[in-house]
Amino acid sequence: MTQVRPSEQMRNLGVVQHGAPILTELACLFDLPAERDAAEQAVDALFASMERIAQVHPFAKGMGIAAPQIGIGRAAAVVQPPGEGAGAIVLLNPRTTDVSDDTDEQYEGCLSFFDVRGMVPRPLRITVETTTLDGTTVYERGLARLVAHEIDHLDGLLYLSRMRPGVDPLPVEEYRQTGLIYGCQASAQADRLRRHQGHEARGLSGVEQGARQ
């Protein structure tokens, strides 16, 4: 039986895939409260899509989805933090107002090209302003990464544009999922993965790598 590729699986679940123009377009802001109904409909569609996706793929590090990824060119996204009982974050007209100088570099995946994972540098802390009663919110570490990823989607950016020059995405088959929440342990794993990529680039087999470590 032919195995369905991750990207094709996401396409079948209604996620717009890499190459579609909507993924590189700036999402239109909601005029709130005048467009409250439209905003609520978009958010409901995002939650429904997230629920479908979560039924077929686990996300130990949390997940997010932006309206352009389900064919809606409006400035709405939903982020589900990791951890049982963690409440979802709704982003309407989000705008990053401040970022920390401190950064880290972690692997990210994107539902719109789910066959690869990419090493992406991001600030460890971001301040985001949204059109909600919550006003301005500060997100840190893994949650900052998840939120920043979705805001990029609303700005028409994919994480590929955030990767360092000369660094290519890693095929999902080679990506070693640890199930760890983004943090120091994940950073250590990322370092090991980078070393693994370096060995592979030099044509070393697993046995040869072990002998030289």
Side-chain angles (χ1 to χ4, degrees), residues 10 13-16 27-33 35-100 102-104 106-112 114 117 120 122-155 157-159 162 177-187:
M10 292 301 149
L13 290 168
V15 179
V16 175
C28 295
L29 300 177
F30 290 100
D31 179 12
L32 296 173
E35 290 190 294
R36 177 177 176 176
D37 288 347
E40 289 180 347
Q41 290 172 11
V43 171
D44 287 346
L46 287 167
F47 272 113
S49 181
M50 182 178 285
E51 184 176 350
R52 288 195 302 272
I53 294 166
Q55 289 176 353
V56 299
H57 189 90
F59 291 88
K61 298 176 182 178
M63 71 172 292
I65 189 166
Q69 292 181 282
I70 57 172
I72 301 173
R74 304 303 301 271
V78 174
V79 170
Q80 178 59 59
E84 186 176 353
I89 298 168
V90 175
L91 301 168
L92 290 176
N93 299 345
R95 184 171 66 92
T96 302
T97 59
D98 189 39
V99 299
S100 67
D102 295 331
T103 65
D104 75 344
Q106 307 281 354
Y107 275 104
E108 292 185 17
C110 181
L111 300 174
S112 292
F114 213 43
R117 301 292 184 269
V120 185
R122 298 228 186 238
L124 286 172
R125 186 181 66 257
I126 64 173
T127 302
V128 177
E129 183 179 275
T130 58
T131 311
T132 66
L133 294 177
D134 295 333
T136 298
T137 306
V138 176
Y139 300 102
E140 296 185 340
R141 297 190 176 274
L143 195 51
R145 179 173 295 276
L146 288 169
V147 170
H149 180 114
E150 299 313 320
I151 292 177
D152 273 355
H153 272 301
L154 303 181
D155 290 337
L157 300 174
L158 300 177
Y159 75 64
R162 299 287 189 188
Q177 174 61 267
T178 67
L180 297 175
I181 295 173
Y182 290 125
C184 294
Q185 289 177 296
S187 296

**Q.** Basic-acidic side-chain contact under 4.0 Å: Arg122, Glu108
**A.**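 Judged by the 4.0 Å cut-off on N to carboxylate O distance, Arg122 and Glu108 do form a salt bridge.
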Is there side-chain contact between [X] and [Y], with at least one heavy-atom pair below 4.5 Å?
{"X": "Leu143", "Y": "Ile89", "result": "yes"}
{"X": "Asp37", "Y": "Glu40", "result": "yes"}
{"X": "Val90", "Y": "Leu46", "result": "no"}
{"X": "Thr137", "Y": "Thr130", "result": "no"}
{"X": "Asp104", "Y": "Arg145", "result": "yes"}
{"X": "Gln106", "Y": "Arg141", "result": "no"}
{"X": "Asp152", "Y": "Tyr159", "result": "no"}
{"X": "Gln69", "Y": "Cys110", "result": "yes"}

Over all atoms of both residues, closest heavy-atom pair of [X] and [Y]:
{"X": "Leu32", "Y": "Leu92", "answer": "CD1-CD1, 4.2 Å"}
{"X": "Arg162", "Y": "Leu157", "answer": "NH2-CD1, 3.7 Å"}
{"X": "Ala88", "Y": "Val78", "answer": "CB-CG1, 4.2 Å"}

Using atom types as modelled and distance alone, determine if a side-chain donor or acceptor of [X] lies under 3.5 Å from a backbone N or O of [Y].
{"X": "Asn93", "Y": "Phe30", "value": "yes"}
{"X": "Arg74", "Y": "Leu29", "value": "yes"}
{"X": "Gln80", "Y": "Met63", "value": "no"}

Q: Could you name each residue pair satisfying ring pair (Phe, Tyr, Trp, His ring centres under 6.0 Å) that touches residues 51-86, not counting sequence neighbours?
A: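 For residues 51-86: His57-Phe59, His57-Phe114.
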Q.
Take a 6.0 Å sphere around CZ of Arg36 and say whether it holds more than 12 heavy atoms from other residues, nucleotides or ligands.
A.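 No - once you tally the heavy atoms of other residues, nucleotides and ligands closer than 6.0 Å, there are 12 at most.
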Q: Go through the steps to decide whether Asp102 and Arg125 satisfy the test side-chain contact (heavy atoms from CB on, under 4.5 Å), and finish with yes or no.
A: CA-CA 8 Å; Asp102 295 331; Arg125 186 181 66 257; 5.8 Å; no
Q: Applying side-chain contact (heavy atoms from CB on, under 4.5 Å) between Thr96 and each of Asp155, Thr127, Val128, Val147, report the one that passes.
A: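 Filter result, single survivor: Val128.
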Q: Mind checking side chain to side chain contact (heavy atoms under 4.5 Å, CB included) for Asp44 and listing every partner two or more places apart, or none if nothing turns up?
A: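 Asp44 satisfies side chain to side chain contact (heavy atoms under 4.5 Å, CB included) with no residue once adjacent residues are dropped.
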